[in-house]
Amino acid sequence: MKLTMHVNGREVTGEAEGRTLLSAFLRDALGLTGTHIGCDTSQCGACTVHVDGRQVKSCTMFAAEAEGAQVTTIEGMENADGSLSVIQQAFQDHHGLQCGFCTPGMVMAAAALLRDIPQPTEAQIRAHLDGNICRCTGYHNIVKAILAASGQPVAMAAE
Amino acid sequence: MYNFDFVKPATVEEALAALSDEDAQPLSGGQTLIPSMKQRLNAPSKLVSLLGIAALKGVKTSGDVMEIGATTTHAEVAAQATAYPALAALAGAIGDPAVRNRGTLGGSLANNDPAACYPAAVLASGATVVTSGREIAADDFFDGMFTTALDDGEIVTAVKFPIPQAAAYVKFEQPASRFPLCGVFVAKYADGVRVAVTGASEEGVFRWTEAEAALSADFSAGALTDLSLPADGMMTDLHGSAEYRAHLVKVLTGRAVSAAA
Ligand SMILES: Cc1cc2nc3c(=O)[nH]c(=O)nc-3n(C[C@H](O)[C@H](O)[C@H](O)COP(=O)(O)OP(=O)(O)OC[C@H]3O[C@@H](n4cnc5c(N)ncnc54)[C@H](O)[C@@H]3O)c2cc1C
Ligand code: FES
Ligand code: FES
């Protein structure tokens with residue numbers, strides 16, 4: 001079947017089967033490989049994208065369910081001039097990533113949180129990241145990055 | 001995953017017609033069905049998405065009954081079920097934010113996972129499950145692990161929850177799966193208290209009737225002191241033994257009563 005949706009503000013059309021997952025559609029049909037597939041079993045959150053403004057795991061949604069929807073992926077997070085968005089820059093400044101595999105999902109989860117709660121507490125940030133697993137950082141610097149992105153004070157990482 | 005035909009009807013009638021095919025199955029949030037299809041535990045020839053049916057979505061309260069449409073997501077219940085705070089809190093603590101944005105009430109009930117949260121709320125509230133053909137009392141709906149009273153081709157359309165005077169749900173989370181290792185929903189009504197337990201029994205969700213009798217006489221955690229739940233028929237797995245779960249049920253029931261009172 002042919003699917004049409006709006007991805008990062010652009011109308012796109014691609015071919016999909018019933019079983020095509022949104023993650024596969026984004027990566028294979030559209031070439032947007034920033035959305036990572038870590039577990040493919042809805043455990044890790046690396047595949048997190050926004051569909052109609054809501055954070056979902058794209059490995060656990062059929063592409064056909066996103067027909068006509070507004071989809072935002074990590075590729076849609078940069079500023080219009082191509083520079084890093086506030087959240088992305090905060091991840092870099094606070095060493096919120098090491099291998100970077102979980103990062104697209106972490107950034108999308110953080111963006112969803114900050115839209116609902118612009119100044120979250122540390123506990124709210126940790127609770128919101130329940131479905132996003134990172135095997136490298138130990139999470140502390142991810143939490144710091146999100147606190148910083150929300151405009152709240154955090155100790156800078158050592159130079 | 002094996003391939004299938006995907007259809008997304010706009011009305012319940014069209015959905016039922018599409019489901020009359022052998023091997024057709026309803027799809028709601030997909031948070032349980034998609035993982036099970038990936039594992040090839042499930043291989044429907046046709047999936048009928050219920051998410052295009054506007055009539056199946058939403059939270060309505062009239063008098064002391066709250067009616068929630070089957071495809072209302074956990075996140076929507078958390079935000080909209082303000083007239084039944086214990087239910088809103090339960091929905092807001094299922095899985096993680098992404099699961100709550102897709103997973104639905106109807107999917108959770110139809111699936112009847114022995115550790116799912118919603119079945120405890122439905123059973124403790126003495127709710128009514130409304131389907132495409134009839135109304136089923138909660139006491140008759142859950143039929144053991146992963147089994148319900150639903151017939152083939154019958155879909156859950158809504159659930160009617162009588163709103164209790166006081167209620168709370170307390171779960172002990174299994175941190176890897178984010179499902180409850182055990183969870184207890186306590187609800188106090190004018191005619192008595194109901195206590196439903198998930199995550200503990202090999203038969204799935206159940207009512208702890210001894211605790212209900214004790215709490216109906218005295219709605220305080222102290223009323224449970226002399227009770228104990230036998231370990232027979234409780235689940236044993238790598239996260240906890242039957243004895244541990246039986247013990248947890250009592251502890252969590254006490255905490256739920258304290259939270260509700
Ligand atoms: C990481 C993770 C963590 C989770 N944690 C929890 C948790 O803590 N507590 C908890 O309770 N659950 C948890 N879940 C399960 C989650 O709540 C699911 O959303 C829910 O169990 C199924 O709902 P669904 O809408 O996704 O159903 P689907 O996956 O779409 O469907 C499930 C089954 O129900 C059938 N079905 C769907 N809708 C209907 C209907 N209206 N009528 C008849 N049959 C129907 C389908 O055919 C299928 O067999 C978790 C899931 C994940 C992935
Ligand atoms: S790849 Fe989707 S949750 Fe891990
Ligand atoms: S930075 Fe490596 S998994 Fe998170």
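Naming convention: chains lettered A, B, ... in sequence-line order (proteins, then strands); numbering from 1 in each chain.
- Contact of D5(B) with chain A is not made at all, since no heavy-atom distance falls under 4.5 Å.
- When every heavy atom of N3(B) is checked against every heavy atom of E17(A), the shortest pair comes out as ND2-OE2, 3.4 Å.
- The structure places CG of L51(B) at 8.5 Å from CE of M61(A), a figure rounded to the nearest 0.5 Å.
- Between atom NE2 of residue H50(A) and atom CG of residue N101(B) there is a gap of 9.5 Å, rounded to the nearest 0.5 Å.
- Summarising the geometry, atom CG belonging to D96(B) is positioned 8.0 Å from atom OG1 belonging to T48(A); distances are rounded to the nearest 0.5 Å.
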side-chain contact (heavy atoms from CB on, under 4.5 Å) between E67(A) and F6(B), intermediate numbers included: CA-CA 12 Å; E67(A) 167 78 29; F6(B) 177 87; over 6 Å; no

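- Contacts between L113(A) and chain B at a heavy-atom distance below 4.5 Å are absent for every atom of the residue.
- With a 4.5 angstrom heavy-atom cutoff, L21(A) touches chain B only via side-chain atoms.
- Here the side chains of R102(B) and R54(A) are not in contact, with every heavy-atom distance at 4.5 Å or above.
- The two atoms that bring H128(A) and P97(B) nearest to each other are O-CG, 3.3 Å, heavy atoms only.
- Interface check for chain A: of the options Q39(B), Q31(B), K46(B), the most heavy-atom pairs under 4.5 Å are formed by Q31(B).
- Surrounding CD of E22(B) are at most 12 heavy atoms belonging to other residues, nucleotides or ligands under 6.0 Å away.
- Within a 6.0 Å sphere centred on CZ of R255(B), heavy atoms belonging to other residues, nucleotides or ligands number 12 at most.
- If you take CG on D130(A) and CD1 on I94(B), they are separated by 13.0 Å, rounding to the nearest 0.5 Å.
- Interface residue A176(B): only backbone heavy atoms are found under 4.5 Å from chain A.
- In this structure, the separation between CE on M1(B) and CZ on F62(A) is 4.5 Å, given to the nearest 0.5 Å.
- In this structure, the portion of L47(B) lying under 4.5 Å from any heavy atom of chain A is its side chain and not its backbone.
- The backbone N or O of Q43(A) lies less than 3.5 Å from a partner atom in the side chain of R178(B), making a donor-acceptor pair.
- Other residues, nucleotides and ligands contribute over 12 non-hydrogen atoms within 6.0 Å of the CG atom of D237(B).
- With chain A as partner, the option from L33(B), L27(B), T73(B), V7(B) having the largest number of non-hydrogen pairs under 4.5 angstrom is L27(B).
- Summarising the local packing, NE2 of H6(A) is surrounded by more than 12 heavy atoms from other residues, nucleotides or ligands at distances under 6.0 Å.
- Heavy-atom minimum distance, K38(B) versus D40(A): NZ-O, 2.7 Å.
- The 12-atom threshold is exceeded at CZ of F146(B), counting heavy atoms of other residues, nucleotides or ligands nearer than 6.0 Å.
- To the nearest 0.5 angstrom, M37(B) atom CE is 12.0 Å from T60(A) atom OG1.
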